[in-house]
Amino acid sequence: MADEQADSETARRATAIAEEHLHFEGPLLPILHAVQHELGCVPEDAIRAIAKVLNLGRAEVHGTMTFYPDYRSEPGGAHTLKLCRAEACQSMGADAVADAARAALGIDFHETTSDGALTLEPVYCLGLCACAPAAMLDHEVHGRVTAESVVALAEGASA
Amino acid sequence: MTRVYVPRDAAALALGADAVVVALETEAAVRGLDLEIVRNGTRGMIWLEPLVEVETDAGRVAYGPVTAADVPGLLDAGLLECGTHPLAHGPTEEIPFLARQTRLTFARCGVTDPLSLEDYEAHGGLKGLRAAIAMTPADVVQAVTDSGLRGRGGAGFPTGIKWRTVLEAQADRKYIVCNADEGDSGTFADRMIMEGDPFVLIEGMIISGLAVEADKGFIYVRSEYPHAIEALESAIATATVRGILGPDVLGSGRAFDLEVRVGAGAYVCGEETSLLNSLEGKRGIVRSKPPLPAHEGLFGKPTVINNVISLASVPVILAEGPAAYQEYGVGRSRGTIPIQLAGNVRHGGLFEAAFGMTLGELVDDVCGGTASGRPVKAVQVGGPLGAYFPRALFDTPFDYEAFAAKDGLIGHAGVTLFDDTADMLKQARFAFEFCAVESCGKCTPCRIGSTRGVETIEKIRRGEDVAAQVELIEDLCETMKYGSLCALGGFTPYPVMSVLNHFRDEIAASPEEIPAR
Ligand SMILES: Cc1cc2nc3c(=O)[nH]c(=O)nc-3n(C[C@H](O)[C@H](O)[C@H](O)COP(=O)(O)O)c2cc1C
Ligand code: SF4
Ligand code: FES
């Protein structure tokens, strides 16, 4: 019963967000971004609600949503730490930084710490390639990170 | 009152610029100093960030890299009065890295307050748009054609020819789309201009709209660039209030509206047709061509789709005339190119120069070699789909055709340095791995071949019948090159084959076992 109520609340909010974006040309990505921003993810109920407002099939909205790495169907941690895995950062030791972060947090990429504090995500370039290796904690950018600094960053966010 | 500049560019923020501002404000309050802090874009000398500049009677002088902890000592040494200090570099524009550049597209970046329209106009902004308003659409297109400008997103297609196709297309609606997906590793020119001079991109897009008779534009920015998104939103709001965007652009009677759209983490959405699908709210699958976007683009309408730097270079072309732009460069590569020096680099950042400098001049003279101080082993030019160049090819000039002749590409002009500890086989493996992760899935060679490539390289690593595996990779690369719809699958062979061809001694303990190609 409690679950059903939670679900309908999700649907209600997703419907409202979708309706607010109806005047956009090509509204689906802005809607998915807004829903994820508000709800922390895009759950199945939200997909059905968006599909209904946009007059699309559920499968179509689901197909679009799952194509893009940014959207998640389950909520992530309270914070997200993105570590750059691309070439310029590799040239400055990004692989070792990533290994240290994974070991310290006890999780792999795409996983969340057991206390729900932090999700670790790979990213392929943050445009900070002249101060590599780079990381982003939520929207906060960090350059020339080291194994120690990135672990401190992760632990600071988890505290 | 003394004016002090501390950049707001994401790279400066990543190196502690906000903390420097807080320290300056705190110290100014304690010492009773009258400071005006301007958050400018970056000058592009990233190894000096945060770069603090002080306005003096003799012009702007630079200090960097400054940390918050340096601030009291800098003030003691006379930061505001051109004092000497180990972090002092003298007049900013005399720093050799900056002095040897030709800044056309990036003329204002790092100089002005990026969100101030007054500053923008005081430094030559809107001159190009005013010129374009006084011209016929066909003449604007002709000016861009005459400038020799080629697309800076990677493919190098002549911008004027693309615009002419859209101008000549008959339709009730046309669009201008700016490709700000900048996914290539080693590149940040788009980000830097969007954060450091967003009005120049807006101006370029309006000119494009006038030229092809489109009244709506979209800027598709990757979600990894929150600071660029914020700067663009703010600049668009200002431009709208001031009548530069909207129903009557600068009183011309012509309309142009602009919207920022945010990507969702897919590299392939930088490919133009995938980007259009994404804007339409679909999966970012690559479309077959024809039809060209210029004929049937966004929502099936004729569409100009250009890279940020292509569009941001248009205002100066209109303001100074195509001949002035066209004078720079070599061969069929005209004008300037903002080269991004990245990775294991001593002096990294953005270097705008006329086409024609050699890779060696850039790596040795401009960059001063690696950050680690070790010898340069390889340089990847053009992002994840670009070739790795060994020192033997450092005489290659920055020119589209010259790079193509060496089985490489300029791409978006990212140059990533690797020192002698780099493991080239690992880099080749990563090229396949990246392709597998980012493939849109439409073509088999790209989707499946990339994964086969990773497995094959692992066999080489284990020393399993190396000669046969190398041959397999060569075949696989041929298949990907000719059997892929777009450059993700089609160009992944460039980095892979460059490793096989130029770093063959790393592939096997005894390279003579591998037959020469
Ligand atoms: C996989 C892939 C990714 C691309 N990424 C970008 C990008 O991030 N930015 C960009 O401007 N062009 C990118 N391109 C090139 C575009 O398809 C297109 O050529 C460009 O937007 C055209 O603009 P221009 O003529 O101004 O360069 C990419 C191409 C491919 C195949
Ligand atoms: S080459 Fe790869 S990314 Fe490009 S269209 Fe084919 S499958 Fe998609
Ligand atoms: S490659 Fe890591 S920030 Fe660009």
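Chain letters run A, B, ... following the sequence lines, proteins first, then strands; residues in each count from 1.
- Chain A forms more heavy-atom pairs under 4.5 Å with one residue of B:Q340, B:K426, B:M192 than with any other, namely B:K426.
- Heavy atoms closer than 4.5 Å to chain A are found in both the backbone and the side chain of B:I285.
- When each of A:A132, A:A86, A:C89, A:C131 is checked for heavy-atom pairs under 4.5 Å with chain B, A:C131 comes out on top.
- Classification of A:D99 and A:R102 as a salt-bridged pair holds, one side-chain N sitting under 4.0 Å from a carboxylate O.
- The two atoms that bring A:Y68 and B:C269 nearest to each other are CE2-SG, 3.7 Å, heavy atoms only.
- In this structure, chain A has no heavy atom under 4.5 Å from any part of B:A422.
- With chain A as partner, the option from B:G349, B:G383, B:G265 having the largest number of non-hydrogen pairs under 4.5 angstrom is B:G265.
- For B:Y267 and A:Y124, the ring centers sit 6.0 Å or farther from each other.
- When heavy atoms are compared at a cutoff of 4.5 Å, B:E259 approaches chain A solely by way of its side chain, counted from C-beta outward.
- Residue B:D9 does not touch chain A at all, counting heavy-atom pairs closer than 4.5 Å.
- At a threshold of 4.0 Å, the pair A:R85-A:D95 counts as salt-bridged, since one of the basic side-chain nitrogens sits closer than that to a carboxylate oxygen.
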**Asked** Where do B:I309 and B:D190 land on the side-chain contact (heavy atoms from CB on, under 4.5 Å) test, with the steps shown first?
**Response** CA-CA 6 Å; B:I309 301 299; B:D190 297 353; 3.2 Å; yes
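- By the 30° and 60° cut-offs, the orientation of the rings of A:H21 relative to A:F24 is tilted.
- When each of A:C84, A:P30, A:G26, A:S91 is scored by its heavy-atom pairs under 4.5 Å with chain B, the top score falls to A:S91.
- Of the residues considered (B:S372, B:G343, B:A11, B:G348), B:G343 shows the highest number of contacts with chain A, using heavy-atom pairs under 4.5 Å.
- Atom OG1 of residue A:T119 and atom CZ of residue A:F109 lie 12.5 Å apart, to the nearest 0.5 angstrom.
- For a residue to count as touching a neighbouring chain, one of its non-hydrogen atoms must lie under 4.5 Å from one of that chain's; by this rule B:E280 touches chain A with the backbone only.
- The most heavy-atom pairs under 4.5 Å with chain A, out of B:A189, B:S223, B:G284, come from B:G284.
- Interface remark: B:S278 contributes backbone and side-chain atoms alike to the contact with chain A (heavy atom separation under 4.5 Å).
- Using a 4.5 Å cut-off between heavy atoms, B:A371 contacts chain A through its side chain alone, with no backbone atom that close.
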**Request:** Report the C-alpha separation of B:N277 and B:T273 in whole Å, then their side-chain angles, then the decisive distance to 0.1 Å, and conclude whether the side-chain contact (heavy atoms from CB on, under 4.5 Å) test is met.
**Result:** CA-CA 6 Å; B:N277 276 335; B:T273 61; 5.7 Å; no
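- B:W47 and B:H347 have parallel rings, their planes meeting at less than 30° on a 0 to 90° scale where 60° marks the start of perpendicular.
- Ranked by heavy-atom pairs shorter than 4.5 Å toward chain A, the options B:A342, B:G183, B:S185 are led by B:S185.
- Under the 4.0 Å criterion applied to side-chain N and carboxylate O atoms, B:K301 and A:E25 are not assigned as salt-bridge partners.
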**Request:** Verify side-chain contact (heavy atoms from CB on, under 4.5 Å) between B:I46 and B:L15, making sure each step is shown before the conclusion.
**Result:** CA-CA 9 Å; B:I46 304 302; B:L15 298 169; 4.3 Å; yes
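- Proximity to chain A (any heavy atom under 4.5 Å) is shown, for B:L13, by both the backbone and the side chain.
- B:T416 touches chain A through its side chain: at least one heavy atom from C-beta onward sits under 4.5 Å away, while N, CA, C and O do not.
- Counting heavy-atom pairs under 4.5 Å between each of A:P27, A:P69, A:G93 and chain B puts A:P69 at the top.
- Within 6.0 Å of atom NZ in B:K216, more than 12 heavy atoms from other residues, nucleotides or ligands are found, so the atom counts as buried in its surroundings.
- Counting heavy-atom pairs under 4.5 Å between each of A:V123, A:L126, A:L54, A:T66 and chain B puts A:L126 at the top.
- With a threshold of 4.5 angstrom between heavy atoms, A:H139 approaches chain B through its backbone and through its side chain.
- The candidate from A:H33, A:E60, A:H142 with the greatest count of non-hydrogen atom pairs under 4.5 Å with chain B is A:H33.
- The most heavy-atom pairs under 4.5 Å with chain B, out of A:R144, A:E87, A:M136, A:M92, come from A:E87.
- Comment: B:R8 does not engage B:D18 in a salt bridge, judged by the lack of any side-chain N to carboxylate O separation of less than 4.0 angstrom.
- The residue among B:A228, B:A264, B:G281 with the most heavy atom pairs within less than 4.5 Å of chain A is B:A264.
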